[in-house]
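Heads up, the thing below is written out as structure tokens.
The figures here come from the full heavy-atom set of this structure, side chains too, leaving out hydrogens, waters and symmetry mates. Chain A is the first sequence line, chain B the second, and so forth, proteins listed ahead of strands; every chain is numbered from 1.
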Amino acid sequence: QLQLQESGPGLVKPSETLSLTCTVSGGSISSNSYYWGWIRQPPGKGLECIGSIYYSGSTYYNPSLTSRVTISVDESKNQFSLKLSSVTAADTAVYYCSRQPTYYYMDVWGKGTTVTVSS
Amino acid sequence: QSALTQPASVSGSPGQSITISCTGTSGDIGAYYYVSWYQQHPGKAPKLMIYDVTNRPSGVSNRFSGSKSGNTASLTLSGLQAEDEADYYCSSYTSSGTLVFGGGTKVTVL
């Protein structure tokens with residue numbers, strides 16, 4: 001049973017870079033043709049796609065975030081990561097990592113991690 | 001990109017059927033058969049309920065069904081049960097090459 005687990009700082013200062021890691025267990029991040037993605041949910045609000053990375057390394061970012069986002073894969077650790085630069089209070093959210101069997105939907109989700117942007 | 005439009009809330013009695021709509025444009029729902037639906041209970045991660053408009057993942061009850069007509073997709077819950085009370089989100093691929101979500105619908109079982 002594939003499982004995903006987000007990890008990273010729960011508090012980030014404004015203008016700094018948010019860094020999160022998603023650890024994949026129960027399967028290899030480089031097997032099959034999966035995409036691996038990040039989604040966030042501000043408090044009391046809906047879901048927003050941040051971006052995805054294909055197992056080959058190709059990346060796809062939300063146009064509204066593309067100038068600040070980097071998603072990468074570390075096959076040796078079976079992990080993928082999110083970096084979001086120049087954060088503001090608007091980036092405060094629960095951040096989820098996910099597996100996408102095709103680009104078009106997410107079938108496995110992590111439990112989510114809360115990130116607060118505050119000084 | 002603009003979020004897809006969902007009703008804020010839908011309610012029904014146990015055993016009844018309800019339908020949640022998700023309205024987009026000719027650049028997303030109207031153009032592709034890549035609509036998915038997610039169920040989210042409070043404090044929990046979303047769960048995939050429907051993908052590619054009509055497909056149910058293994059393990060999802062056949063009380064959940066999806067459809068699409070024009071620029072609007074729908075999720076129907078039949079034989080409503082107390083455990084169905086949750087937030088539901090639709091998502092679609094867009095002509096910009098991105099995925100967009102709806103604003104979410106709170107389902108209440110009366």
How long is the straight-line distance from [atom2] of [Y] back to [atom1] of [X], given to the nearest 0.5 Å?
X      : Y      : atom1 : atom2 : result
B/L99  : A/I39  : CG    : CD1   : 8.5 Å
B/S58  : A/D107 : OG    : CG    : 11.0 Å
A/T102 : B/Y51  : OG1   : OH    : 9.0 Å

Check: So A/Y104 and B/Y93, would you call those rings parallel, tilted or perpendicular, with 30° and 60° as cut-offs?
Finding: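 The arrangement is perpendicular - the two ring planes meet at more than 60°.
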Next item on the list: Could you check whether the rings of A/W109 and B/Y38 sit parallel, tilted or perpendicular, using 30° and 60° as the cut-offs?
Entry: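 Rings of A/W109 and B/Y38: perpendicular, as their planes differ by over 60°.
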Hydrophobic cluster membership, with links at side-chain heavy-atom distances under 4.5 Å among I/L/V/M/F/W/Y: are [X] and [Y] in one?
X      : Y     : answer
B/V100 : A/V69 : no
A/V12  : A/W38 : yes
A/I29  : A/I50 : yes
A/L65  : A/V87 : yes
B/L80  : B/I50 : yes

Notebook entry, point to check: Taking all atoms of both residues into account, what is the closest heavy-atom pair of B/Y89 and A/K45, and its distance?
Noted result: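 So the minimum-distance heavy-atom pair works out to OH-O, 3.6 Å.
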Notebook entry, point to check: So which heavy atom on B/K44 is nearest to which on A/Y96, and how close?
Noted result: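 Heavy-atom minimum between the residues: O-OH, 3.4 Å.
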Notebook entry, point to check: Can any side-chain N or O of A/Y103 pair as donor or acceptor with the backbone N or O of B/G97 at less than 3.5 Å?
Noted result: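 Answer holds: yes.
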Margin query: Under 4.5 Å from any heavy atom of chain B, what part of A/E6 do you find: side chain, backbone, both or neither?
Written below: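 For A/E6, there is no contact with chain B at all, as no heavy atom is under 4.5 Å.
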Checklist line | Max heavy-atom pair count under 4.5 Å with chain A, selected residue of B/P46, B/G104, B/A45 | finding: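 Highest number of heavy-atom pairs under 4.5 Å: B/P46.
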Notebook entry, point to check: Do the side chains of B/T98 and A/P63 get nearer than 4.5 Å, heavy atoms only?
Noted result: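 The answer is yes, as the side chains (C-beta and beyond) meet within the 4.5 Å cut-off.
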Notebook entry, point to check: Mind checking whether A/Q41 and B/F101 have side chains closer than 4.5 Å, heavy atoms only?
Noted result: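 In short, these two side chains do not touch, never coming nearer than 4.5 Å.
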Check: Got more than 12 heavy atoms from elsewhere within 6.0 Å of OH, A/Y35?
Finding: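 For A/Y35, atom OH is crowded (more than 12 foreign heavy atoms under 6.0 Å).
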Next item on the list: Mind running side chain to side chain contact (heavy atoms under 4.5 Å, CB included) on B/L48 and A/Y105 for me, showing each step along the way?
Entry: CA-CA 8 Å; B/L48 177 68; A/Y105 65 95; 3.5 Å; yes
